[in-house]
Protein chains: 2
Amino acid sequence: MSTRDTVLAAAQRLLTTDPTASMAQIATAAGVGRATVHRHFASREDLLHEIGVRSLERWAESQRAAGLAEVVAAGDADRIRACLEVLIDAFVVDADEIGIALTDPTVLNAPDLRERADALFTQEVTLYAAAQDAGVLRADVPARWLGHSLYGLLIAVRDALVSGDIARRDAEALVRSTFLEGGAAR
Amino acid sequence: MSTRDTVLAAAQRLLTTDPTASMAQIATAAGVGRATVHRHFASREDLLHEIGVRSLERWAESQRAAGLAEVVAAGDADRIRACLEVLIDAFVVDADEIGIALTDPTVLNAPDLRERADALFTQEVTLYAAAQDAGVLRADVPARWLGHSLYGLLIAVRDALVSGDIARRDAEALVRSTFLEGGAAR
DNA sequence: CTCACATGAGACAGCGGTGTCTCAAGTTGG
DNA sequence: CCAACTTGAGACACCGCTGTCTCATGTGAG
């Protein structure tokens, strides 16, 4: 792994727990000198931006891997269900890695990242809308609300894992099941 | 409203949108001088701590107003359902007000606040557990997970409101319905 | 071996935020 | 009217972080 990637990974990890971590702390966490960090990233903002870009690429890759576009075009209920499942699992796996990108002001306020994130969210909402049409997801709530609620569950699963309230191996199933069936008894 | 309360309210509002807002920005938002802020709060940490205390009091008050303790003791399914509803509505109303207290590192890392928040969460989980026993909430997931997932939905509703994806008047119903029934079609 | 290159360590100036202080200008209550 | 109190504005020193620079060290390729 290149020094650049080492720094990037350490920053992603550290900033998730402490968004205010300084460049010096990031350098220490990466096991490199502070000057070296600046050699690879002109400024703190640059570093955050790069993390944002990578996180969005990861997100886009998840959508691609789940075959989102084709599934939406097909509109088949079973395929939609499977696609949702794949997508949720990918999210849970990436939750802590792309966490900062979803919450840090520096990342959120970068216009280009904001735009790409909106595009990805909107892209994803097409799946929810298709799911509503196919009778997979309930149609009495806005499709975009379904997107937000899944995002909220990702925050929840991260917290639950940190506080040790759920087992890592159960995480995907809990999110899937809660997103679809909710918490009420049957 | 006392100057102190004015500052507190402005800080709560401002910090929700920008957690890194400086004391000067807070002072401006409150319409007072920077020195005045420091007259009422010895340090930035003090101010944050006070906000945390108030948010936790609000939370505790919501539990009291919903009669949580008595409902848990009674264990009656209908009363549990009603209690949940009242609690969720109160959360949605307070979501943006106590938002910072749930995310800001300064608040989260204060040991005394951390302890009180844990106590309140645990208290609330007794309701979820009682709801599971009474057949109101599903019993095949950890009670604490239900707590986390509701918390996640609060984050979601705040985001959805900010981005204009849902109407304010629909917020409570969406959270209630999504928490209980999930997103799958029936 | 030698050169090119990346690195660690440290020094440095600049910047913005913090917390303290003072002083002049209201405001309130007796 | 007057005294006590509160405020706004500004000045100030302090601190930590940022970004730049230099220099010595180490390492790999030729």
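Quick note: numbers below take in every heavy atom, side chains included, and nothing from hydrogens, waters or symmetry partners. Naming: A, B, ... by sequence-line order, numbering from 1 per chain. Model, not experiment: these values are computed from the prediction.
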Contact boundaries on DNA chain D for chain A, cut-off under 4.0 Å to non-hydrogen atoms: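 So the contact region on DNA chain D extends dC17(D) to dT22(D).
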
Test of understanding: with side-chain hydrogen bond (donor to acceptor under 3.5 Å, both in side chains), list the residues that count as partners of Thr17(B), not counting sequence neighbours.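 side-chain hydrogen bond (donor to acceptor under 3.5 Å, both in side chains) list for Thr17(B), sorted by chain: empty.
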
Considering residues, nucleotides and ligands other than Glu45(A), do more than 12 of their heavy atoms fall under 6.0 Å from its CD?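 It does not: Glu45(A) CD has 12 such atoms or fewer within range.
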
Show me, pair by pair, the donor-acceptor contacts under 3.5 angstrom made by side chains of residues 112-120 of chain A, not counting sequence neighbours?
unit_1, atom_1, unit_2, atom_2, d
Asp112(A), OD1, His49(A), NE2, 3.3
Asp112(A), OD2, His49(A), NE2, 2.7

According to salt bridge (charged side-chain N to carboxylate O under 4.0 Å, His left out), who are the partners of [X], at least two apart in sequence or on a separate chain?
X: Asp94(A); value: Arg58(A)
X: Arg186(B); value: none
X: Asp165(B); value: Arg144(A)

I need the minimum non-hydrogen distance between Met23(B) and His38(B), along with the two atoms involved.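 Closest approach of Met23(B) to His38(B): CE-CE1, 3.8 Å.
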
Tabulated below should be each protein N or O lying under 3.5 Å from an N or O of nucleotides 5-8 of chain C; please produce it.
unit_1, atom_1, unit_2, atom_2, d
dT7(C), OP1, Thr3(A), OG1, 2.4
dT7(C), OP2, His40(A), NE2, 3.2
dG8(C), OP2, Gly33(A), N, 2.9
dG8(C), OP2, Thr36(A), OG1, 2.5
dG8(C), O6, Arg39(A), NH2, 2.9

What residues in residues 42-53 of chain A put a non-hydrogen atom under 4.0 Å from any atom of DNA chain C?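 None - not one residue of the stretch has a heavy atom sitting under 4.0 Å from the strand.
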
Show me, pair by pair, the donor-acceptor contacts under 3.5 angstrom made by side chains of residues 169-176 of chain A, not counting sequence neighbours?
unit_1, atom_1, unit_2, atom_2, d
Glu172(A), OE1, Arg168(A), NH1, 3.4
Arg176(A), NH1, Asp89(A), OD1, 2.7
Arg176(A), NH1, Asp89(A), OD2, 3.1

Say whether, by atom type as modelled, one donor and one acceptor occur between the side chain of Asp104(A) and the main chain of Ile100(A) under 3.5 angstrom.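 Pair absent, no side-chain N/O of Asp104(A) close to backbone of Ile100(A).
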
Donor-acceptor pairs under 3.5 angstrom involving side-chain atoms of residues 69-83 of chain A: please list them, not counting sequence neighbours.
unit_1, atom_1, unit_2, atom_2, d
Asp76(A), OD2, Asp78(A), N, 3.4
Asp76(A), OD2, Arg79(A), N, 3.0

Please output the side-chain donor-acceptor pairs of residues 125-134 of chain B that fall under 3.5 Å, not counting sequence neighbours, one pair per line with the distance.
unit_1, atom_1, unit_2, atom_2, d
Thr126(B), OG1, Gln123(B), O, 2.3
Tyr128(B), OH, Glu124(B), OE2, 2.9
Gln132(B), NE2, Arg138(B), O, 2.9
Gln132(B), NE2, Val141(B), O, 2.9

Ring-plane angle category for Phe121(B) and His148(B), please: parallel below 30°, perpendicular beyond 60°, tilted otherwise.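 Answer is tilted, since the angle falls between 30° and 60°.
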
With a 4.0 Å heavy-atom cut-off, tell me which residues in residues 18-28 of chain A come close to DNA chain D, sorted by residue number.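 Output list: Ser22(A), Met23(A).
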
